[in-house]
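Owing to the predicted nature of the structure, the values given are computational and were not obtained by experimental measurement. Both ligands and their constituent atoms are indexed starting at 1 by order of listing.
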Amino acid sequence: MSHEVLEFDGISTGLLEKGKADGAETIWDRQAAMKAKCGFGDKGICCRICAMGPCRISPVEGKGAQRGLCGATADTIVARNFARMVCGGASAHSDHARDIAHVMHIANKEGNYKVKDVGKLMNLAKEWGVNTDDREPNDIAHEIAEIALNEFGKPFGVQRLLVRAPEQRQKIWKDLKIEPRAIDREIATLMHSTHIGCASDAESILDLCMRTSLADGWGGSWIGTELSDIMFGVPTARGTEANLGVIEENMVNIMVHGHDPSFSEMVVLAAEDPELLALAKEMGAAGINLVGMCCTGNEVTMRHGVKIAGNFYQQELAIMTGAMEAVMVDVQCIFPALAKLADVYHTQFISTSPKAKMEGSIYIEFEEDHALDICKKIVRGAVENFKNRDKEKVMIPEAKNSAVVGYSVETVIQHLDKVVNSQTDVFNTVKPLSDVIWAGVLRGAVGIVGCNNPQVEHDKSHITIMKELIKNDIIVVTTGCAAQAAAKAGLMTMEAKELCGRGLKEVCERVGIPPILHMGSCVDISRILDIVSRVAIERGLDNSDLPVTGVAPEWMSEKAVSIGTYVVSSGINTYLGVTPQVTGSEYFVDLLTNKLEEKVGAKFIFEEDPVECARLMMEDIEAKRDKLGI
Ligand code: SF4
Ligand code: SF4
């Protein structure tokens, strides 16, 4: 078992040794068994989209097979494979959002789901032209939900939320004919276009990728965030703790893992149920300790301060502490391996979504109509399982750090209001942020997002890049597993201002924020789009004019491919710390890393060295500043 990848994260190494003694198999064992990666897959030049194949193209030009059986070139195959990753990613985000819209549609006063943020509901109602006079919030919510659901499959027009982009950006999309129409339609169309015998022109496939990804960022993901805030509350700044040390030896530990807040919100309520808390005490535990993993962990920490057990790469380690009574999962980013691993311990591994039944799991279907009862049933089972814990197998690393989380756009603006001059300025805008950027106190802003990936040391790229940027007066906003890396590293504390350059430190002190702002889960990257677009609009500019970039240092999922593509299509240069499987086509690489800039004013940059990546981003930001004359 190679531990090299974990050197950066000292705490995991000890646990892995223990896991080995317990007979646990982990991702590192499987990685070792995989040996060398398939060179064709790694370059994106294998195709199996029809039964004439699979076909693979020789990576050496002029030598070996240069075309698939149908005549598809490496350029076509690479573009199609990339496109299908965009589809996978966009579909995951969008289906997630659709579920939230359905939940909103059943919201009622007596039920489990109620409208929590009436103000945000009213704002959206105004934007979408929904009558609010003398109407119950739930009633308005039902109409909003229906409109949102229509965004997935409406027959005509383009997506509603595009109007939140700067006008210049909207024009670019219109001129390029990449305005997304309906979310599902874009995904279906791109799957169609990449069927055998359809699109073979790589550039046009990339255009379709942009349109589909925009259907995610400015459609599915944004709707997901917007409606989640309305239903479950707009996140506000709050304290929490992060890393495996949040697992408590004397408590019933339950981990919630996956993505959907409709599920995790109910888990939070169930874990607070007095009857179940009393039962936990009866069982000899001090209480119930709910902890989060991956994006669902982000959702519940943003809204409730639930502690973060870890990020993607630590899901197995959390079970290997031997102190986890239950792992409750819904959809996305859940290792199928958890079922087998849970069997090594007393842990109950419970899958709940009909979309993600997991082999070897205990399946308890989550139904929105009986949401709380179902979650209570699962929590009860976990509490009763406390007695089965094998004390000999318990090892909880001491590592944990405190963090301040909950920076929705609304919360960021509230903080910015603290430095607004009440005589001369208006409240409730992003102007203070753009002012400090224009003054040069902050050089710019970077969004750091994405996953963990065994191709790179766990969390090292995230943390290295974050530290480099804040040291150089660049404010960082972050989501997903990148955000959890920052929380674990103690970068989301007020004290982290000491790691910043003078300008950013000053801003942190005045505004009362940490230098790295947790903006939520992966769908909440829409919050980053929102804030960037507000600054651009406030300055009369396009996103691509601003000294901002995005980076996914350790990405791994198809969702990350969709995210990267919509961020670039929104005019923001996007750096990837893991090179995507496209290098089998120089032409496609050139499209992504060069030609896209002519079209949308932004491009991808592949850079695996985190220090160099940070340097390039800073250079990029300074070049944007020069262009603006600031
Ligand atoms: S679509 Fe073409 S390249 Fe792909 S598997 Fe079929 S024949 Fe081969
Ligand atoms: S950041 Fe990546 S690994 Fe983490 S939850 Fe999101 S998609 Fe999954």
Side-chain angles (χ1 to χ4, degrees), residues 27 40 44-58 65-81 83-85 88-93 96 193-200 205 216 221 224 256-261 264 292-301 308-315 329-335 356 447-454 456 458-459 461-462 478-487 518-525 550-564 576-578 584-585:
I27 182 170
F40 295 97
I45 42 177
C46 58
C47 179
R48 43 157 293 278
I49 63 170
C50 89
M52 294 195 288
C55 300
R56 52 191 202 180
I57 306 298
S58 162
Q66 298 294 298
R67 287 172 179 263
L69 262 64
C70 65
T73 61
D75 298 338
T76 302
I77 292 172
V78 165
R80 283 195 308 218
N81 288 340
R84 286 184 166 217
M85 287 189 91
S91 68
H93 283 148
H96 165 162
S193 295
T194 55
H195 189 275
I196 178 181
C198 263
S200 61
I205 294 171
D216 171 357
S221 284
V256 59
H257 177 19
H259 281 76
D260 183 355
S264 52
M293 173 70 53
C294 280
C295 276
T296 233
N298 286 323
E299 298 277 359
V300 288
T301 203
I308 301 163
N311 52 1
F312 182 66
Y313 227 32
Q314 290 172 292
Q315 52 186 290
V329 304
D330 50 38
V331 289
Q332 302 170 25
C333 301
I334 302 145
F335 285 181
I448 303 186
V449 304
C451 327
N452 295 132
N453 188 323
V456 294
H458 179 210
D459 287 347
S461 299
H462 289 311
T478 177
T479 62
C481 291
Q484 293 171 328
H518 194 322
M519 295 198 85
S521 64
C522 293
V523 292
D524 293 337
I525 293 171
V551 57
E554 303 180 20
W555 73 275
M556 63 87 205
S557 71
E558 290 174 325
K559 290 178 288 174
V561 179
S562 176
I563 291 165
L576 299 180
V578 175
S585 165

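- Of the inter-residue distances, the one linking Glu554 atom CD with Leu576 atom CG reads 12.5 Å to the nearest 0.5 angstrom.
- Taking all atoms of both residues into account, the shortest heavy-atom contact from Asn81 to Cys46 is ND2-O, 3.0 Å.
- Side chain to side chain, Gln315 and His257 meet the donor-acceptor criterion of an N or O pair below 3.5 Å.
- Between Phe312 atom CZ and Met556 atom CE the span is 3.5 Å, to the nearest 0.5 Å.
- Residue His195 does not touch ligand 1, judged by heavy-atom distances below 4.0 Å.
- Excluding waters, the count of protein N/O/S atoms less than 2.8 Å from atom 4 (Fe) of ligand 2 comes to 1.
- Under the side-chain hydrogen bond (donor to acceptor under 3.5 Å, both in side chains) criterion, Thr478 pairs with no residue, sequence neighbours left out.
- Here the CG-OG distance, from Asp216 to Ser91, works out to 9.0 Å after rounding to the nearest 0.5 Å.
- Between the CG atom of Asp459 and the CD atom of Gln314 there is a distance of 6.5 Å, given to the nearest 0.5 Å.
- When non-hydrogen atoms are compared, ligand 2 lies under 4.0 Å from neither the backbone nor the side chain of Gln332.
- Asn298 and Thr301 share no side-chain donor-acceptor pair at under 3.5 Å.
- Which parts of ligand 2 touch Lys559 is read off a 4.0 Å heavy-atom cut-off, strictly below it: atoms 7 (S), 8 (Fe).
- Remark: distances from the non-hydrogen atoms of Arg67 to ligand 1 are all 4.0 Å or more.
- Protein N/O/S atoms closer than 2.8 Å to atom 2 (Fe) of ligand 1: Cys70 SG.
- Set against the non-hydrogen atoms of Met556, the atoms of ligand 2 under 4.0 Å away are 3 (S).
- Panel note: side chain His462, backbone Cys451; a donor-acceptor pair is recorded below 3.5 Å.
- The NE2 atom of His93 lies 5.0 Å from the NZ atom of Lys559; values are rounded to the nearest 0.5 Å.
- In terms of the side chain to side chain contact (heavy atoms under 4.5 Å, CB included) criterion, residue partners of Ser585 (sequence neighbours excluded) are, by chain and number, Asp75, Val78, Tyr587, Phe588.
- With rounding to the nearest 0.5 angstrom, the CG atom of Asn452 is 4.0 Å from the CG atom of Asn311.
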